[in-house]
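Scroll down for the structure; my scribbles are underneath it.
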Amino acid sequence: MGQARSPLGVADLQRVAARGWRAPEEDRLGDWLLRAAGGFTGRANSALVVGDPGVPLPEAVAAVARWYADRGLTPAAMLPGVQARSADAAFAAAGWQRGGTVLVLTAPLGAPAAPAVPVELSPTPDDAWLATYADGGTLPPAAHQVLTGAEDVVFATVRRGPVAAAVARGVLTDGWLGVSAVEVDPAHRRQGLGTALLDALRGWAGERGAHSVYLQVTEDNAPARALYRRAGLIEQHRYWYRRLPG
């Protein structure tokens with residue numbers, strides 16, 4: 001696979017990604033997208049800060065804070081790198097604290113290899129998929145809405161008997177395959193299951209005419225970054241969250 005040359009800029013790719021991970025409640029502040037999902041994931045419970053909010057930045061920051069406070073959620077904003085530099089400074093000036101960095105990786109879809117192990121694909125997640133994704137925890141009610149709320153979505157599973165040893169989610173939006181929710185059970189790691197999931201999802205997307213793939217990974221997740229690097233994905237941009245302390 002060659003080096004990724006994204007046909008989309010940062011803002012447009014973020015909008016594609018937002019359509020692939022839809023919050024049950026969404027609103028607009030100018031170009032900014034406000035999202036709420038009962039606290040399930042940062043992406044679905046933060047303001048996507050791209051474009052012009054239509055009001056001066058200090059007013060926009062205050063409006064975001066009110067919107068989330070009205071819903072009993074911690075006010076949060078997602079700021080994609082240099083594209084949101086001025087907005088980031090406005091949130092910082094208002095006392096919003098910065099979290100860790102997330103990398104957005106992209107690549108041409110390429111010609112996917114056949115998965116090295118069998119991978120099941122389904123339009124909905126079953127109980128085994130959800131259990132592995134939750135990693136021993138309990139998913140909130142909004143989780144199913146977020147996971148299944150996109151227009152063209154698929155759930156990949158590698159099984160070991162009744163157990164979902166590895167899972168991932170794929171979504172297709174405007175020719176882009178978005179990969180998320182990649183989880184491998186600790187007892188089944190270092191067996192190539194993550195690579196098999198990626199290959200299966202790329203094959204699924206290729207059959208639907210996809211041309212590129214993106215995914216998001218935290219900067220400190222070295223094993224996942226190594227997996228994605230081997231798969232040919234390279235960094236397109238970075239983002240981080242700012243949250244207003246309670």
Side-chain angles (χ1 to χ4, degrees), residues 10-81 83-102 104 124-125 130-131 133-151 153 155 169 171 173 178 180-181 183 214-218 237-246:
V10 170
D12 285 337
L13 183 55
Q14 281 290 346
R15 293 184 180 106
V16 165
R19 288 168 54 199
W21 193 262
R22 296 286 302 274
E25 183 179 6
E26 296 183 344
D27 203 352
R28 290 280 178 182
L29 179 63
D31 294 331
W32 293 8
L33 177 64
L34 310 181
R35 304 168 290 186
F40 174 68
T41 76
R43 279 178 287 165
N45 292 274
S46 59
L48 175 57
V49 179
V50 292
D52 184 353
V55 296
L57 285 174
E59 295 181 22
V61 170
V64 172
R66 289 193 300 271
W67 195 86
Y68 285 96
D70 287 347
R71 288 154 181 79
L73 298 170
T74 299
M78 179 177 166
L79 297 126
Q83 300 291 316
R85 182 178 296 162
S86 296
D88 184 61
F91 281 100
W96 295 50
Q97 295 180 349
R98 177 172 167 167
T101 300
V102 181
V104 178
T124 56
L130 293 169
Y133 175 60
D135 193 21
T138 301
L139 296 175
H144 195 271
Q145 292 177 270
V146 174
L147 290 167
T148 63
E151 294 179 5
V153 63
F155 297 86
R169 175 186 182 270
V171 61
T173 309
S180 61
E183 293 286 346
Y214 71 89
L215 55 80
Q216 304 169 60
V217 59
T218 56
H237 69 277
R238 300 180 172 206
Y239 70 84
W240 52 84
Y241 295 101
R242 283 197 181 271
R243 292 181 172 86
L244 187 62

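In this text the structure is predicted, and so the values were computed from the model without any measurement.
Side chain of Arg19 to backbone of Arg15: no donor-acceptor contact under 3.5 angstrom is found. Checked by atom type and distance alone, the side chain of Arg169 never pairs as donor or acceptor with a backbone atom of Val153 at under 3.5 Å. A donor-acceptor contact shorter than 3.5 Å is absent between the side chain of Tyr241 and the backbone of Gln97. Of the possible polar contacts, one joining the Tyr68 side chain to the Ala47 backbone as a donor-acceptor pair under 3.5 Å is found. Looking at Arg242, its side chain does come within 3.5 Å of a backbone N or O of Trp96 through a donor-acceptor pair. Side chain of Arg35 to main chain of Ser46: a donor-acceptor pair is present (N/O by atom type, distance under 3.5 Å, no hydrogens or angles).
Of all heavy-atom pairs spanning Ala65 and Pro75, the tightest one is O-CG, 3.7 Å. The shortest non-hydrogen separation linking Val61 to Ala94 is CG1-CB, 3.8 Å. Between Leu79 and Ala84, the closest heavy-atom pair is CD2-CB, 3.8 Å. Of all the heavy atoms in Tyr214 and Val171, the pair that sits closest is OH-CG1, 4.1 Å. Counting all heavy atoms, side chain and backbone alike, Ala44 lies closest to Ala23 at O-CB, 3.5 Å. Closest of all the heavy-atom pairs between Pro125 and Thr148 is CD-CG2, 3.8 Å.
Note on Arg85 versus Asp88: no salt bridge recorded, every NZ/NE/NH1/NH2 to OD/OE distance being 4.0 Å or above.
The line from CE of Met78 to CZ of Arg243 is 10.5 Å long, rounded to the nearest 0.5 Å. A distance of 13.5 Å separates CH2 in Trp67 from CH2 in Trp32, rounded to the nearest 0.5 Å. The CG atom of Leu33 sits 8.0 Å away from the CZ atom of Arg22 when rounded to the nearest 0.5 Å. Here CG of Leu73 is found 11.5 Å from CG of Leu34. Values are rounded to the nearest 0.5 Å. A distance of 12.0 Å separates CG in Leu29 from CG in Leu48, rounded to the nearest 0.5 Å.
By the 4.5 Å heavy-atom criterion applied to side chains, Leu244 and Phe91 are not counted as neighbours.
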- Worked verdict on Gln14 versus Val104 for side-chain contact (heavy atoms from CB on, under 4.5 Å): CA-CA 9 Å; Gln14 281 290 346; Val104 178; 4.0 Å; yes

- Query: When you look at Leu130 and Leu147, which way does the side-chain contact (heavy atoms from CB on, under 4.5 Å) test go after all the steps?
  - Reply: CA-CA 10 Å; Leu130 293 169; Leu147 290 167; 4.0 Å; yes

- Message: Does Gln216 form a side-chain contact (heavy atoms from CB on, under 4.5 Å) with Tyr239? I'd like the steps, not just the answer.
- Response: CA-CA 10 Å; Gln216 304 169 60; Tyr239 70 84; 2.5 Å; yes

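Between the side chains of Ser180 and Trp21, no donor N or O sits under 3.5 Å from an acceptor N or O.
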